[in-house]
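Step one of this worksheet: look at the structure below.
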Amino acid sequence: MLRLILPRPSGLSPCYVTRSVIRNPALLRSKTTSAKKPAAEGAKALTWPDYLAIRGSKRKWQLAVTIPCASLGFLGGAAYFGSLETDPTRPIMGIDPFFFYGACTVACVGLGALIGPSIGAAAWRARHRTQLAVVDAMDREFYRRIAKNRVDASLQSPTHPVPDYYGEKIGSLHQYRQWLRDQGKYKRKAILPEE
């Protein structure tokens, strides 16, 4: 039995309020279904092809931001390390200063390339705020399926690695089915001896 706490008029007992709600199911329905409607309307169901297309667009955003971030890392590293005074007769950590500063500039490019996908994902999430709950739920389901169907990593060898262990190359249902076939083929080859 559902009890609602309602302000009761003076002189009425709590039993009367409970009975009136039970006798009038319209009151009960209006209270319980109104809270569920906005959640159901806001969360539109995604199909797998739609989800995989959204996932592909997210990866494109990440790549599109990674390239400028790596370029900015190069420009920033070259500007900073190129402007430092260097004395070729004094090595830095036993390395010629020009090689050391060149390696530091390359490290700045790598740092920009590492930061780029995170910035791209954050930009994508800011742009697609309305779909986040649905996409996150589909992400969890997708990665649950990937973890369930992938080959055990202990079966791999240095000469025969597991194909696409994290399912990163999956962009359509056809590619997902191909991924499943590849995982099954790898499992059969790893477990069953070759004849």
Side-chain angles (χ1 to χ4, degrees), residues 36 38-78 93 95 99-100 102-195:
K36 293 182 183 177
E41 290 171 2
K44 297 176 185 173
L46 274 179
T47 62
W48 284 107
D50 292 340
Y51 164 72
L52 292 171
I54 288 171
R55 189 171 179 257
S57 78
K58 183 178 180 181
R59 288 188 59 139
K60 287 175 187 169
W61 275 65
Q62 290 173 332
L63 180 64
V65 174
T66 298
I67 294 168
C69 283
S71 301
L72 285 174
F74 173 74
L75 293 174
M93 293 190 290
I95 302 172
F99 288 118
F100 182 78
C104 289
T105 302
V106 171
C108 289
V109 171
L111 184 65
L114 284 175
I115 292 173
S118 299
I119 295 172
W124 184 88
R125 290 178 75 82
R127 175 75 171 91
H128 298 90
R129 281 188 299 265
T130 58
Q131 299 174 334
L132 283 183
V134 178
V135 171
D136 287 343
M138 291 293 281
D139 272 340
R140 283 189 295 276
E141 176 65 19
F142 177 74
Y143 291 124
R144 187 190 64 75
R145 289 173 185 247
I146 292 293
K148 182 180 107 181
N149 294 315
R150 68 181 165 208
V151 177
D152 184 16
S154 66
L155 298 175
Q156 73 180 346
S157 67
T159 58
H160 197 233
V162 174
D164 195 15
Y165 185 74
Y166 295 104
E168 296 169 336
K169 297 175 185 171
I170 298 172
S172 66
L173 284 178
H174 174 72
Q175 290 172 343
Y176 177 70
R177 290 183 190 114
Q178 184 62 46
W179 181 85
L180 287 173
R181 285 191 291 271
D182 291 344
Q183 298 294 313
K185 188 187 305 181
Y186 187 92
K187 192 182 293 185
R188 284 189 298 277
K189 280 185 180 178
I191 294 175
L192 299 174
E194 292 185 20
E195 297 176 26

Quick check for you: to the nearest 0.5 Å, what is the distance between N149 atom CG and Y176 atom OH? 4.5 Å
On a heavy-atom basis, which atom in A78 and which in T105 lie closest, and how many Å separate them? N-CG2, 3.7 Å
Take atom NE2 in H174; do more than 12 heavy atoms of anything else shown fall under 6.0 Å from it? no
Distance in Å, T47 OG1 paired with L52 CG, rounded so as to fall on 0.5 Å steps: 8.5 Å
Verdict with supporting geometry, V151 and Q156, side chain to side chain contact (heavy atoms under 4.5 Å, CB included): CA-CA 9 Å; V151 177; Q156 73 180 346; over 6 Å; no
Donor-acceptor pairs under 3.5 angstrom involving side-chain atoms of residues 58-70: please list them, not counting sequence neighbours.
{"unit_1": "R59", "atom_1": "NH1", "unit_2": "E168", "atom_2": "O", "d": "2.5"}
{"unit_1": "T66", "atom_1": "OG1", "unit_2": "Q62", "atom_2": "O", "d": "2.6"}

Which heavy atom of G73 sits nearest a heavy atom of C108, and at what distance? O-CB, 3.3 Å
Could you check whether atom CZ of R129 has more than 12 heavy atoms from other residues, nucleotides or ligands sitting under 6.0 Å from it? no
Test item: W179 side-chain N/O and D164 main-chain N/O as donor-acceptor pair under 3.5 Å: yes
Please table the atom pairs, donor to acceptor, closer than 3.5 Å between any side-chain atom in residues 132-148 and protein atoms at least two apart or in another chain.
{"unit_1": "D136", "atom_1": "OD1", "unit_2": "R125", "atom_2": "NH1", "d": "3.2"}
{"unit_1": "D136", "atom_1": "OD2", "unit_2": "R125", "atom_2": "NH2", "d": "3.2"}
{"unit_1": "D139", "atom_1": "OD1", "unit_2": "Y51", "atom_2": "OH", "d": "2.3"}
{"unit_1": "E141", "atom_1": "OE1", "unit_2": "R144", "atom_2": "NE", "d": "3.3"}
{"unit_1": "E141", "atom_1": "OE1", "unit_2": "R144", "atom_2": "NH2", "d": "3.4"}
{"unit_1": "E141", "atom_1": "OE2", "unit_2": "R144", "atom_2": "NH2", "d": "2.7"}
{"unit_1": "E141", "atom_1": "OE2", "unit_2": "R145", "atom_2": "NE", "d": "2.8"}
{"unit_1": "E141", "atom_1": "OE2", "unit_2": "R145", "atom_2": "NH2", "d": "3.3"}

Rounded at 0.5 Å granularity, tell me how far CD1 in I119 sits from CD1 in I115. 6.0 Å
Under 3.5 Å, side chain of Q183 to main-chain N/O of V162, donor-acceptor pair present? no
L111 CG to F74 CZ distance, which is reported to the nearest 0.5 Å: 15.0 Å
So which heavy atom on Y186 is nearest to which on S157, and how close? OH-N, 4.0 Å
Give a yes or no on whether the backbone of S172 and the side-chain of Q175 come within a donor-acceptor separation of less than 3.5 Å. yes
